[in-house]
Amino acid sequence: FYTATDSSGNTATCSFEVISGDYEDPTIICPGTIDLSAQSGTCSGLVGDVLGMVLNFGDNCTADADLVLSQSPAIGSPLNTGDVISITVTDLWGRTSTCAMTVGIIDSEPPVFDNCPGGATPILFSDPGTCSHLYPIPVIESTDACDGDTESDRRTFLLEDGNPIWQDITGQVDHALALGVHQFRDVHRDDIGNMAECFWSVEVRDNIAPVAICQSDSVTLGGSGDRK
């Protein structure tokens, strides 16, 4: 209360109420990024409990034990590369501060082949007039949850029968194969470097009969069958 008194002793009184409060936001610091492992067959990761990743938080009026931390999105939410996880600290006066972490996805799954020949070795036959078969190189395709173009890093190799060295035939449309069993290998990599290999083989056989050439000659036989 405040009282004012004049020289004649007259007085007047006024009063006002003082309300104390916290007008300063709490502080919070968290890492700028977080890596999540991709779920099988997807390029998304599930967010876990990330409150423990907070590096520091505090408030000028609220004790640390009374500060409340919360995260968004909730635990178990699927996230992709570039998504953001926010952590918020709230003091007893309802004042808040937020820090954010940008999501990165760890992809550990290799591409999956769609049409790897594999299995039994097909038997091919030499082309007419040759002792080899012109084999059309199949286009092997693959898919990857995190890389829509795994064929861009595709390599094709050939191990010909009798040759111990794998040849790089990437980009060839076809290849002349001699008689024998030949092995092929296609290698696909995704953007992260995860690699998948497809193996198959073909056998080339000769099914062209030899050509017999007889000399033109006349033989005269006697009555006993002897040549005269």
Side-chain angles (χ1 to χ4, degrees), residues 1-114 141-155 187-197:
F1 291 90
Y2 285 88
T3 300
T5 304
D6 62 16
S7 58
S8 300
N10 301 309
T11 62
T13 302
C14 70
S15 64
F16 57 89
E17 183 180 5
V18 176
I19 301 175
S20 63
D22 179 10
Y23 299 97
E24 185 173 338
D25 293 335
T27 60
I28 185 171
I29 300 174
C30 60
T33 60
I34 179 174
D35 290 329
L36 304 178
S37 296
Q39 296 296 294
S40 179
T42 75
C43 199
S44 299
L46 300 182
V47 62
D49 184 349
V50 298
L51 298 183
M53 296 185 66
V54 173
L55 302 176
N56 188 29
F57 65 97
D59 185 74
N60 61 322
C61 291
T62 302
D64 290 351
D66 294 325
L67 293 171
V68 178
L69 295 176
S70 59
Q71 71 178 63
S72 177
I75 296 173
S77 301
L79 298 178
N80 300 315
T81 297
D83 288 343
V84 173
I85 300 174
S86 298
I87 301 178
T88 300
V89 58
T90 305
D91 65 16
L92 291 176
W93 293 86
R95 305 192 69 83
T96 63
S97 288
T98 300
C99 63
M101 298 183 291
T102 302
V103 173
I105 298 297
I106 300 176
D107 174 23
S108 58
E109 289 190 338
V112 177
F113 288 107
D114 300 325
E141 298 179 345
S142 64
T143 55
D144 188 272
C146 293
D147 182 1
D149 187 21
T150 50
E151 290 85 5
S152 63
D153 193 6
R154 167 199 175 192
R155 309 296 295 180
V187 179
H188 290 200
R189 287 184 174 85
D190 62 19
D191 290 338
I192 304 300
N194 299 312
M195 182 183 73
E197 293 181 302

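Since the model is a prediction, treat every value here as computed from it, not as a measurement. Only this structure's heavy atoms are used, side chains among them; waters, hydrogens and symmetry mates stay out.
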Between Asp59 and Asp64 (side chain of the first, backbone of the second, donor and acceptor by atom type, cut-off under 3.5 Å), is there such a pair? no
Ignoring hydrogens and angles, tell me if any N or O in the side chain of Gln71 forms a donor-acceptor pair with the backbone of Gly48 under 3.5 Å. yes
Check: Cys146 and Asp191 side chains under 4.5 Å, non-hydrogen atoms: no
Between atom CZ of Arg154 and atom CZ of Arg189, what is the distance when rounded to the nearest 0.5 Å? 14.0 Å
Would you check if the side chain of Thr102 reaches a backbone N or O of Gly82 as a donor-acceptor pair within less than 3.5 Å? no
Sidechain-backbone polar pair: Glu141 side chain, Phe113 backbone, donor-acceptor under 3.5 Å: no
OG1 on Thr62 to CG on Leu67, rounded to 0.5 Å: 5.5 Å
Please step through side chain to side chain contact (heavy atoms under 4.5 Å, CB included) for the pair Phe57 and Thr27, ending with a clear verdict. CA-CA 5 Å; Phe57 65 97; Thr27 60; 5.7 Å; no
Trace of the side chain to side chain contact (heavy atoms under 4.5 Å, CB included) decision for Leu46 with Leu36: CA-CA 7 Å; Leu46 300 182; Leu36 304 178; over 6 Å; no
CA sep, side-chain torsions, deciding dist, call: Val47, Ile85, side chain to side chain contact (heavy atoms under 4.5 Å, CB included): CA-CA 8 Å; Val47 62; Ile85 300 174; 3.5 Å; yes
Between OG of Ser37 and CD1 of Ile106, what distance do you get to the nearest 0.5 Å? 4.5 Å
How close do Cys43 and Ala38 get, heavy atom to heavy atom, and via which atoms? CA-CB, 4.3 Å
Taking Thr81 for its side chain and Gly104 for its backbone only, find out whether a donor-acceptor pair lies under 3.5 Å. no
Here the gap from Arg155 atom CZ to Glu197 atom CD, rounded to the nearest 0.5 Å, amounts to 13.5 Å
Test side chain to side chain contact (heavy atoms under 4.5 Å, CB included) applied to Met101 and Met53, step by step: CA-CA 10 Å; Met101 298 183 291; Met53 296 185 66; 4.0 Å; yes
If I take atom CG from residue Asp153 and atom NE2 from residue His188, how far apart are they, to the nearest 0.5 angstrom? 9.0 Å
Where the side chain of Asp147 meets the backbone of Asp144, is there a donor-acceptor pair that is under 3.5 Å apart? no
Between Asp25 and Ser97: side-chain donor-acceptor atoms closer than 3.5 Å: no
Which atoms form the tightest heavy-atom contact between Asp190 and Glu109, and what is the distance? OD2-O, 3.3 Å
For the atom pair CD1 (Ile87) and OG1 (Thr98), what is the distance rounded to the nearest 0.5 Å? 9.5 Å
